[in-house]
A.B. asks: 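Mind having a look at this structure? Questions to follow.
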Amino acid sequence: MFSAALGGLYPASAREGIQKALVITSGYPSPAVLDIGTGSGAWVLEMAKMFPDTEVVGMDLVPVKPSSTPPSNCRFEVGNADTDLAQMYDAQSFNFIHARSMMQGIKDLPSFYQNVWRMLRPGGVFINMDGRLTTFDEERQEIVCMEEEQP
């Protein structure tokens, strides 16, 4: 759904920056991508196919069961983005970090963002995409959220 709306795996406006960040740089191992809150793992599988010389890692609270055999440059790890990033990943581990539709699960945003910046390599890119969730009734009218204990 998001990929169709974006016209790809990430916003068109970020393509040049991401492609530049994923160029092999001396002094670092192969380029690496982290997808925080990977869900089904589909995004990770597609990124691994698109960038075969890049290590692509998907992290989620539960084990991912990919719908197809993952490429050799792809792996999935179990962890909590709210509490485990500092223990799971070293500083300057990733060229591109992607987080989509998972910020509601982060309790300590300052710590989360500090960890993201710590994990990015120089020139790295972080994309965080979350949308406004809206509920509609059967007549397609927005249902406005009320304060707690309101009808």
Side-chain angles (χ1 to χ4, degrees), residues 1-136 142-145:
M1 176 171 80
F2 277 105
S3 293
L6 294 172
L9 294 173
Y10 38 78
S13 59
R15 282 195 182 108
E16 185 178 328
I18 291 168
Q19 290 171 344
K20 186 177 176 182
L22 296 179
V23 170
I24 295 173
T25 307
S26 65
Y28 288 99
S30 297
V33 173
L34 175 63
D35 183 29
I36 302 173
T38 198
S40 71
W43 189 90
V44 169
L45 294 170
E46 290 303 312
M47 279 296 287
K49 291 174 191 171
M50 187 180 290
F51 295 95
D53 295 327
T54 298
E55 175 189 10
V56 185
V57 180
M59 180 195 138
D60 207 297
L61 286 169
V62 295
V64 174
K65 296 177 181 141
S67 57
S68 61
T69 302
S72 61
N73 62 322
C74 168
R75 73 175 191 273
F76 295 99
E77 298 177 344
V78 176
N80 184 333
D82 205 30
T83 59
D84 298 339
L85 291 175
Q87 294 83 20
M88 291 179 70
Y89 304 111
D90 293 332
Q92 299 186 4
S93 296
F94 299 100
N95 302 73
F96 175 28
I97 298 176
H98 176 262
R100 182 171 66 195
S101 299
M102 47 77 59
M103 297 311 291
Q104 72 277 3
I106 303 297
K107 294 177 183 143
D108 185 353
L109 282 172
S111 177
F112 173 79
Y113 287 122
Q114 286 172 352
N115 274 306
V116 166
W117 300 136
R118 181 188 60 78
M119 295 183 304
L120 278 174
R121 292 177 181 160
V125 175
F126 172 54
I127 292 184
N128 176 22
M129 293 186 291
D130 265 273
R132 177 174 169 240
L133 297 176
T134 305
T135 306
F136 296 92
E142 183 177 351
I143 298 172
V144 179
C145 294

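Every value quoted in this text rests on a predicted model; they were computed, and no experiment measured them.
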A.B. asks: Just verifying a value: how many Å separate Phe96 CZ and Gln19 CD, rounded to the nearest 0.5 Å?
C.D. replies: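 Atom-to-atom, Phe96:CZ and Gln19:CD are 10.5 Å apart.
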A.B. asks: Restricting to side chain to side chain donor-acceptor pair (under 3.5 Å), what partner residues turn up for Asn128, sequence neighbours left out?
C.D. replies: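 With neighbours one apart ignored, the set is Tyr113.
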A.B. asks: Sorted by first residue and then second, give each salt bridge (charged side-chain N to carboxylate O under 4.0 Å, His left out) pair with at least one member in residues 38-52; sequence neighbours left out.
C.D. replies: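 Every pair satisfying salt bridge (charged side-chain N to carboxylate O under 4.0 Å, His left out) with a residue in residues 38-52: Glu46-Lys49.
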A.B. asks: So for atom CD, which belongs to Gln87, do other residues, nucleotides or ligands contribute more than 12 heavy atoms lying within a distance under 6.0 Å?
C.D. replies: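 Yes, because the 6.0 Å sphere around CD of Gln87 holds more than 12 heavy atoms from other groups.
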A.B. asks: With sequence neighbours excluded, tell me which residues meet side-chain contact (heavy atoms from CB on, under 4.5 Å) with Pro29.
C.D. replies: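 For Pro29 the side-chain contact (heavy atoms from CB on, under 4.5 Å) partners, ignoring immediate neighbours, are Arg121.
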A.B. asks: Show me the donor-acceptor pairs, under 3.5 Å and distance only, between side chains in residues 30-39 and residues at least two apart or in other chains.
C.D. replies:
unit_1: Asp35; atom_1: OD1; unit_2: His98; atom_2: ND1; d: 2.7
unit_1: Asp35; atom_1: OD2; unit_2: Thr38; atom_2: OG1; d: 2.8

A.B. asks: Could you please spell out the steps behind the side-chain contact (heavy atoms from CB on, under 4.5 Å) verdict for Phe94 and Val57?
C.D. replies: CA-CA 10 Å; Phe94 299 100; Val57 180; 4.2 Å; yes
A.B. asks: Can you check whether Ala21's main-chain N or O pairs, donor with acceptor, with Asn95's side chain at less than 3.5 Å?
C.D. replies: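 Here the side-chain-to-backbone pair exists.
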A.B. asks: Please report the interatomic distance CD1(Ile18) to CE(Met50), rounded to the nearest 0.5 Å.
C.D. replies: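 Atom-to-atom, Ile18:CD1 and Met50:CE are 10.0 Å apart.
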A.B. asks: Is there a donor-acceptor pair closer than 3.5 Å between any side-chain N or O of Asn73 and the backbone N or O of Thr54?
C.D. replies: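 Yes: the side chain of Asn73 pairs with the backbone of Thr54.
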A.B. asks: Any side-chain heavy atom of Leu85 sitting closer than 4.5 Å to one from Met59?
C.D. replies: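 Of all side-chain heavy-atom pairs linking Met59 with Leu85, at least one is under 4.5 Å.
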A.B. asks: Going by ring-ring contact (aromatic ring centres under 6.0 Å, His included), name the residues that satisfy it together with Phe51, two or more places apart in sequence or in a different chain.
C.D. replies: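 With sequence neighbours excluded, Phe51 shows a ring-ring contact (aromatic ring centres under 6.0 Å, His included) to no residue whatsoever.
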A.B. asks: Which residues pass the side-chain contact (heavy atoms from CB on, under 4.5 Å) test with Pro66, not counting sequence neighbours?
C.D. replies: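 Partners of Pro66 by the side-chain contact (heavy atoms from CB on, under 4.5 Å) criterion, ordered by chain and then number, come out as Leu45, Val64, Pro70, Phe76.
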A.B. asks: Listed by chain and number, what are the side chain to side chain donor-acceptor pair (under 3.5 Å) partners of Gln92, not counting sequence neighbours?
C.D. replies: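 Residues passing side chain to side chain donor-acceptor pair (under 3.5 Å) with Gln92: Tyr28.
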A.B. asks: Who passes side-chain contact (heavy atoms from CB on, under 4.5 Å) against Ala91, sequence neighbours left out?
C.D. replies: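 Result, side-chain contact (heavy atoms from CB on, under 4.5 Å) vs Ala91: Arg118.
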A.B. asks: For Asn80, give me all partners under side-chain contact (heavy atoms from CB on, under 4.5 Å), at least two apart in sequence or on another chain.
C.D. replies: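 If we apply the side-chain contact (heavy atoms from CB on, under 4.5 Å) test to Asn80, skipping adjacent residues, the hits are Leu61, Asp82, Thr83, Asp84.
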A.B. asks: Looking only at heavy atoms, which two atoms of Ala81 and Phe112 are closest? And how far apart?
C.D. replies: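 The pair with the smallest heavy-atom distance is O-CD1, 3.7 Å.
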